[in-house]
Structure formats: C-alpha cells, structure tokens
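Structure first, then comments.
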Amino acid sequence: MLQLLVLLGLVAAPLSPYPFPLSDLAPTGTLRASFIASNPVQGRVDAKTGAVTGPVADLTRELARRLGVPYVITPLPDAGSVLASVKAHTVDIGFLAYEAARATQIDFSVPYSLSSSAYAVRADSPARTMADVDKAGMTIGAAKGASQQIYVSASVKNARVEVMDQVPPHEALAAMLVSGQLDAFAANRTRMEELAKTSPKVRVLPDNFLEIGQAIVVDKGGAATIDELNRFLADVKASGFVKSSLERAGLAGVEVAPAAR
C-alpha cells in the first residue's frame, strides 16, 4: 500500500529544548511528514519492509529528535498529494521542490539540496544536448505536476510535450524511448541516470535543463515556523549532516544547497 507509516517510539526530551513552539510545529505531539514516494531525490520506500530512507527520513528524524517527539513519515504518490496533505493539516511538514505556483498555496523553507534535471533519450538518438531535444517532430514525455513537466511545458518551443500521469517504471519508459513513442523524457537526473543503468539502449544527455531546490513546506501563514525551519536547515547544512545524508543515498545530480544570503 502506497500510503505507509513509519513510526518511532517516544524520543527522550533533549536537555536543551529546540526553540520551536511545539504547538506550532507538532500540535499532536508527533511530527508528521509527507513526501513523494516515487522520487528518490527525496527518499525511498523499501518494498519489503516499508522503511523510508534518504534525506527525508534523515531530516525528519533529526528534527523530531531536537523537538523531543516521535515522528511519522507518510509516502504519497505525487506532488499534488503532498501539497494537499500539508494544506489539510494531516501532516505538519511536507517535502517538495520549489515551484512558483505551489508557493501561492504553501510556504517553502530555504532549500536543503539542489537537484538537477536532465533528458533521457534512446542510445542511438541524434540528440547530444538539451537544445537538440527542442526541435519539430520531437516528443518529450514528462510526469504531470512534476517540476520538470511544468518547466518543459512552459519553455519548450518546437517539440511536443506529452504529459503523462506519472513517471513510468524503468522497463516501460525504456521501451517507450526505444520504440520511438517518446524521443526524450524529462525528469530529475537521479531518476534518469538510474533508468540508463537498467538498459544499454538508453542514455542521459550531459547537460541539465533545470536545477531545483528541495525544501520543507508548511501551510500558508506559517512564517514563524518557516523561520525556525530555516535555522534548523542552516545548522544541518553547515554541520555536514545534509552532505552525509546525500552521500549515503547515492543521488546522482544532487548537492547541498548553498547557505542563504
């Protein structure tokens, strides 16, 4: 079942309480978080155990530890579901890539990581750079509501963009590219590099068409909470915590976001 809960037992209260008003960030006494289950840049769900790993798990666990509360992580199918869970207050925080339209509905922290986006093409494609993809007669696939879909739908001038319900499984996506159903697929580089490893008939273009900040989000009007989350993220970035998390996750095309100025 896609919606999966990972719940830790109670965490002992820290000696020096973290400066969040508990009622603001974890009003139920448990820190509840959501993320996109299919996006490895955020985290992964073990199909057998249901365990969540990756940056989302590390950051949520560390934030809960500082608050002295247990936590719950709920994987959801797409960005729209994460946004809805934040607005409905079924979770306290969500993890999403920054996008201007989303920012009209929810508040974003500073980014904790930057993820690159690239095109996957069939191995014998004439396309060598992203400029080669935006040509008449080319068809670009992208998942509905994903940052990459929003970008290519607005920016591509000559190619046709085919908006799909979700990113297909690697085998199916490779088949679409090899058969010519799609000439390219737009997604984060992590996904595309992992796709290319599954099939010698697919490769990833070397340049990036988009770089996106991954952030923590709360419902609109949470300015004070965002300020505290920004301080938390500044600390875990400066300490090397985020860098270690990304390295453990082995995410191609993802790096620690620079300190906010």
Side-chain angles (χ1 to χ4, degrees), residues 1-2 35-48 53-56 75-82 96-97 99 113-212 214 246 249-255:
M1 185 171 70
L2 183 59
F35 78 106
I36 304 171
S38 61
N39 188 351
V41 168
Q42 295 182 351
R44 301 180 195 269
V45 182
D46 187 283
K48 293 182 179 179
T53 58
V56 162
L76 294 174
D78 51 40
S81 300
V82 173
L96 283 174
E99 200 276 314
S113 72
L114 297 178
S115 58
S116 301
S117 300
Y119 291 116
V121 299
R122 66 181 185 276
D124 62 353
S125 169
R128 296 296 166 186
T129 69
M130 62 182 184
D132 297 330
V133 173
D134 188 8
K135 291 184 176 179
M138 299 285 276
T139 299
I140 302 169
K144 183 178 180 180
S147 300
Q148 295 81 12
Q149 178 267 308
I150 293 168
Y151 177 83
V152 296
S153 292
S155 303
V156 165
K157 304 301 181 186
N158 302 301
R160 182 178 73 88
V161 177
E162 182 172 329
V163 180
M164 309 175 75
D165 288 338
Q166 59 187 3
V167 179
H170 287 335
E171 184 177 351
L173 180 51
M176 290 177 187
L177 291 167
V178 171
S179 69
Q181 180 179 342
L182 297 174
D183 295 295
F185 195 86
N188 64 59
R189 180 169 288 279
T190 302
R191 288 192 205 225
M192 298 297 89
E193 294 287 357
E194 291 179 357
L195 166 67
K197 287 180 180 179
T198 69
S199 173
K201 297 181 179 180
V202 175
R203 61 184 169 84
V204 184
L205 298 185
D207 48 356
N208 300 312
F209 65 82
L210 181 65
E211 191 172 64
I212 309 168
Q214 297 289 333
L246 297 178
L251 303 174
V254 184
E255 59 185 23

Is any side-chain heavy atom of [Y] closer than 4.5 Å to one of [X]?
| X | Y | result |
| --- | --- | --- |
| P40 | E194 | yes |
| R122 | D183 | yes |
| R189 | N208 | yes |
| L205 | T129 | no |
| I212 | L114 | no |

Counting only pairs under 3.5 Å, give me each side-chain donor-acceptor contact of residues 164-180, with atom names and distances, residues two or more places apart or in other chains.
unit_1 : atom_1 : unit_2 : atom_2 : d
S179   : OG     : A175   : O      : 3.0
S179   : OG     : M176   : O      : 3.2
S179   : OG     : Q181   : N      : 3.3

[X] (side chain) donor-acceptor with [Y] (main chain) under 3.5 angstrom:
| X | Y | answer |
| --- | --- | --- |
| R191 | S38 | yes |
| R203 | S125 | yes |
| Q42 | V56 | no |

Heavy-atom closest contact (E211 atom, S116 atom, distance):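 Shortest heavy-atom separation between E211 and S116 comes out as OE2-OG, 4.2 Å.
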Without placing hydrogens or testing angles, list every side-chain donor-acceptor pair under 3.5 Å for residues 143-150, not counting sequence neighbours.
unit_1 : atom_1 : unit_2 : atom_2 : d
Q148   : NE2    : S117   : OG     : 2.9
Q149   : OE1    : G145   : N      : 2.8
Q149   : NE2    : S153   : OG     : 2.9

Those residues that, when tested against Y119, pass ring pair (Phe, Tyr, Trp, His ring centres under 6.0 Å) (two or more places apart):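 Result, ring pair (Phe, Tyr, Trp, His ring centres under 6.0 Å) vs Y119: F209.
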Could you tell me the separation between the [atom1] atom of [X] and the [atom2] atom of [Y], rounded to the nearest 0.5 Å?
| X | Y | atom1 | atom2 | answer |
| --- | --- | --- | --- | --- |
| S115 | E255 | OG | CD | 9.5 Å |
| S155 | L210 | OG | CG | 8.0 Å |
| L182 | R160 | CG | CZ | 8.0 Å |
| F35 | L96 | CZ | CG | 11.5 Å |
| L76 | N39 | CG | CG | 12.5 Å |
| N158 | D134 | CG | CG | 4.5 Å |

